[in-house]
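Positions are given from 1 along the sequence. None of the values given here were measured: they were computed from a predicted structure.
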Amino acid sequence: MGFALAGIAAPLAAAPAGGGLTKLSRSTQALSGDVRVTRAADAVTIDWPAGSAVRGELVLSLQRDRPLIQSVAIGGRAVLSGVDPAGVVTVGTRDLKQGWTVFFDNPRERPFEAFPLTLRRDGISVRKDGGYTKVTVGGAAAGPFSGTFEFTIYPGSPLIRAAMVMSTQRPATAYTFDAGLTAPTSAAMPWRSIAYTDLTDTLVRREGADARRPAAAPEVRARMIVAEGAAGGALAIVPPPHQFFYPVDYANNDNSAWYGSDYRVLAGRTGFGVRQTLEGDRRWVPWVNAKPGTMQDMGIFYLADQGDAATVSQAALALTRGDRFKALAGHRTFTSHYHVEHAVDFLNRARFQQSTGVPAGLETPEFVSRFKAMNVEIVHLAELHLGNKELDRAGDRLTLLKTIHGETARLSDDQLLLLPGEEPNVHLGGHWLSMFPKPVYWTLDRKEGQPFVEDDPVLGKVYHVGSSDDVLKLMEVERGLMWTAHPRIKSSFGFPDAYREAPFFKSDRFLGGAWKAMPSDLSEPRLGSRVLDLLDDMNNWAAGPGERKITPGEVDVFQIDRRSELYAHMNVNYLRLNGPLPTHAGGWSSVLDAVRGGHFFTTTGEVLIPSFTVDGAQSGETAAAGTRAKVRATIEWTFPLAFAEIVSGDGTRVFRDRIDLTDGAPFGSRTITREIDLGGRKWARLEVWDVAANGAFTQPVFLDRR
């Protein structure tokens, strides 16, 4: 019979004697969104509205000696049958020299061990989880990790989230995880082909025996891999697009999918899935944090479709808007912190080719094409982030700056504004970025007796800085901005906290710190808490309007080409800029004004916040608010949503008003309106997060209580 399950679990019904059946549990609460559950003698079926007048169906076997997933169906057709969730957890050791907020660590260089997921299936419960349905299978373990395996159903979507939800008490643990679906190698293959899109954008199919070959990990586009069902339909395994990839310096395509037999420690099994690379870019490879006792939510998504590999791939790509950033009226997309080192490359190639023009091969660099394809409109570089020998080999500093200015002008057009920028990392402490509203020439090593500014007959004004006071003076004269790169981590560990009382930090020329999703910790439902916390701290520190701080998103990767898995490492800032894209020739002071003013929101791409106000004031503005304030926001999303938070501070404490957003289908928009008590608060901002930990956040609205 059919019934609704949720809430506090209780025995569902007496299982037939014998057969080793898993106990099924239920509760008295009805499930949301027309999710239906039926129990057969040896299986439980969960079916739900999956969008476009079709229903999805997940059938789990209660017979422990059979595959857990009896079938996954869409529109009445079983796509895959007789498969088990698979996982491999690779467990290493963190050095903890800088605690858990770490990037400079290499657990792969110390002893590590891989463990397969085991699943005792000592109980299955089905319960309401807000507007969603959670199906929990007990008895999951992988080496020192233990916990449960969870399926989450989203009414209105064919997505199923499948997650190892486990913790460990092992100290100093760093790990990676791989996940997928498998069947015994000796059994009939549950799919007719495995498919993926390669880096030439060609759909590749591995059929028959080729699909159960010894395991391989191909380079794939858009992070996914697909099984086409023996009787039609297809199922894609899709990782969370940003959360799944721990941060590295190079956005390489790291063979993030696998298929075939005997993958790693999955002996005697054939399957397919996604993987986290152990080696990364072979520089700093920090893996994922697992603090003792934290519940690590190692999740991926199954996406079933009635079509074939091509149609399910398109359906999956829709979740990331085609790996592009949507054009939004009244906004321009802005991104920062790229070490493409184009100027050094340009000068080295020109010397090698004996060229006085644009060197062959650099007419349109691949990074320019990638940005345009992603609808990234304004790009702020972070050039000259190399050793002195490499820089000196290319040319003197002023020649390098002249090349940067000339090349950013040449490569800019009506689709892309490429801006000069640098990560100079001297005089202030830690690492920081510079940004000016026009080309500026400056050196970093002012000599004793050397003037602060000189007039060059070719370049015009050339500034010389040799201290933090000089840097601040330069920024004030040229109306530039500076901010902490990767604050509280990497080479900015301890910053900006260490210089929060310095005059340059208190200046309005010091923006704040830049946001990026690192370190990786899968116990958190949001990305980048490190810098979100810093944003709140800085504005609680602020003694007046001139000291208010802003946090743009940064990407901080090196070379980019057509092979790069760039989207997984991307975030973007939507600046409130009306009219045409600013031009290089006309200057881009409006870009700096929007950034300095906090007139933007930051997103991984899937969640958008086209408008946000507190008593009518937008982010970066000041609201003359009373004790009760009206918060209003318009949001758009692709993945099902999880929650929003209105975050506010009173100069000492931080407050969070949480809004559950699990009551809507994917691919939607809505307006949130809340009247909340902001008495005594100095600022308020908004975060919105979805079920894949994709998200968006605004800059603060500042509150005037006088």
If I take atom CG from residue Leu474 and atom NE2 from residue His427, how far apart are they, to the nearest 0.5 angstrom? 10.5 Å
Quick check against the 3.5 Å criterion: does Ser507 have a side-chain atom that pairs as donor or acceptor with the backbone of Arg509? yes
Given 3.5 Å as the limit, does a donor-acceptor pair link the side chain of Thr698 with the main chain of Leu686, or not? yes
Do the non-hydrogen side-chain atoms of Met570 and Thr320 ever get within less than 4.5 Å of each other? no
Indicate yes or no for a side-chain donor-acceptor contact from Thr638 to the backbone of Leu319 under 3.5 Å, with no hydrogens or angles considered. yes
Going through the distances and angles, do Tyr250 and Ile560 end up as a side-chain contact (heavy atoms from CB on, under 4.5 Å)? CA-CA 8 Å; Tyr250 283 80; Ile560 297 167; over 6 Å; no
Establish, from distance only, whether the side-chain atoms of Arg681 and Ser648 form a donor-acceptor pair under 3.5 Å. yes
Just do the salt bridge (charged side-chain N to carboxylate O under 4.0 Å, His left out) check on Asp178 and Arg264 with the steps written out, would you? CA-CA 10 Å; Asp178 309 339; Arg264 299 193 66 198; 3.0 Å; yes
For a 4.5 angstrom cut-off between non-hydrogen side-chain atoms, does Thr603 reach Asn573? no
Looking just at side-chain N and O atoms, do Glu554 and Asn571 make a donor-acceptor pair shorter than 3.5 Å? no
Intermediate values then yes/no, salt bridge (charged side-chain N to carboxylate O under 4.0 Å, His left out), Asp650 and Arg653: CA-CA 6 Å; Asp650 65 1; Arg653 297 168 295 172; 2.9 Å; yes
Strictly under 6.0 Å, is that where the ring centroids of Phe244 and Tyr246 end up? no
Is any side-chain heavy atom of Pro552 closer than 4.5 Å to a side-chain heavy atom of Thr602? no
Do Trp284 and Phe104 make the cut of ring centroids closer than 6.0 angstrom? yes
Flag the pair Pro85 / Met164 as yes when at least one side-chain heavy-atom distance between them is below 4.5 Å, and no otherwise. no
Closer than 4.0 angstrom, basic N to acidic O: yes or no for Lys490 and Asp249? yes
Side-chain H-bond candidate by donor/acceptor type, Asn539 with Arg548, under 3.5 Å: no
Are Asp323 and Arg370 within salt-bridge range, i.e. N to O under 4.0 Å? no
Rounded to the nearest 0.5 Å, how far does CD1 of Ile404 lie from CD of Glu422? 6.5 Å
Keeping the roles fixed (side chain from Arg275, backbone from Asp254), state whether a donor-acceptor pair exists under 3.5 Å. yes
Rounded distance (nearest 0.5 Å) linking atom CG of Asp497 with atom CE of Met538: 9.5 Å
Would you say the rings of Phe510 and Tyr499 are close, in the sense that their centroids are separated by under 6.0 Å? yes
Intermediate values then yes/no, side-chain contact (heavy atoms from CB on, under 4.5 Å), Val379 and Leu419: CA-CA 6 Å; Val379 176; Leu419 300 183; over 6 Å; no
Salt-bridge test for Arg488 and Asp537: reply yes if a basic N is under 4.0 Å from a carboxylate O, no otherwise. yes
Side chain proximity check, Leu511 to Val595, heavy atoms < 4.5 angstrom: yes
Quick check: do Arg283 and Asn106 have side-chain heavy atoms less than 4.5 Å from each other? no
Between the CD atom in Glu524 and the CE atom in Met295, the distance rounded to the nearest 0.5 Å is 15.0 Å
Is there a donor-acceptor contact under 3.5 Å from the side chain of Lys682 to the main chain of Ala542? yes
Are Phe325 and Tyr567 an aromatic pair by the rule of ring centers under 6.0 Å? yes
Can you tell me how far the CD atom of Glu547 sits from the CZ atom of Phe505, to the nearest 0.5 Å? 8.0 Å
Shortest non-hydrogen pair, Ala174 vs Trp287, comes out as O-CE3, 3.7 Å
Would you say Asp105's side chain and Leu96's backbone share a donor-acceptor pair under 3.5 angstrom? no
Is it the case that the side chains of Thr152 and Glu150 hold a donor-acceptor pair, with the cut-off being a distance below 3.5 Å and no angle test? no
When you look at Val591 and Met435, which way does the side-chain contact (heavy atoms from CB on, under 4.5 Å) test go after all the steps? CA-CA 10 Å; Val591 175; Met435 186 181 185; 3.8 Å; yes
Residue pair Asn694 / Pro241: nearest heavy atoms and the distance that separates them: OD1-CG, 3.4 Å
Consider only side-chain N and O atoms of Glu423 and His337, and report whether a donor and an acceptor are under 3.5 Å apart. yes
Heavy-atom closest pair, residues Pro487 and Val531: CG-CG2, 4.0 Å
Any side-chain heavy atom of Leu428 within less than 4.5 Å of one from Met482? yes
If only atom types and distance count, is the side chain of Ser564 paired as donor or acceptor with the main-chain N or O of Asp561 below 3.5 Å? yes
For Glu687, is there an ion pair with Arg658 - N to carboxylate O distance below 4.0 angstrom? no
Rounded distance (nearest 0.5 Å) linking atom CD of Gln699 with atom CH2 of Trp683: 11.0 Å
Give me the ring orientation class for Trp442 and Phe436: parallel if the planes are under 30° apart, tilted from 30 to 60°, perpendicular past 60°. perpendicular
Heavy atoms only: give me the nearest Trp100-Ala172 pair and the separation to one decimal. CH2-CA, 3.7 Å
Considering only heavy atoms from C-beta outward, does the side chain of Arg596 approach that of Ile550 to under 4.5 Å? yes
Cationic N near anionic O, under 4.0 Å, Arg526 to Glu645: yes
Could you walk me through whether Arg685 and Asp536 pass the salt bridge (charged side-chain N to carboxylate O under 4.0 Å, His left out) check? CA-CA 9 Å; Arg685 61 180 183 84; Asp536 301 340; 2.7 Å; yes
Test of ring centre spacing under 6.0 Å for Phe272 and Tyr196: no
Using distance alone, with no hydrogens and no angle criterion, decide if Asp660 and Thr662 have a side-chain donor and acceptor under 3.5 Å apart. yes
Flag the pair Phe697 / Trp515 as yes when their ring centroid distance falls below 6.0 Å, and as no otherwise. yes
Note: Phe643 and Pro525 closest approach over all heavy atoms is CE2-CB, 3.9 Å
What is the ring orientation for Phe177 with Tyr175, classed by angle as parallel under 30°, tilted 30 to 60°, or perpendicular over 60°? tilted
Shortest non-hydrogen contact from Pro640 to Leu159? CD-CD1, 3.9 Å
For the pair Arg221 and Glu565, find out whether any cationic side-chain nitrogen is under 4.0 Å from an anionic carboxylate oxygen. no
Ring centres under 6.0 angstrom apart (His431, His385): yes
Answer yes if the ring centres of His486 and Phe103 are under 6.0 angstrom apart, and no otherwise. no
Is Glu366 paired with Arg563 through a side-chain N to carboxylate O contact shorter than 4.0 Å? no
is_close_aromatic(Trp483, His380), centroid dist under 6.0 Å: yes
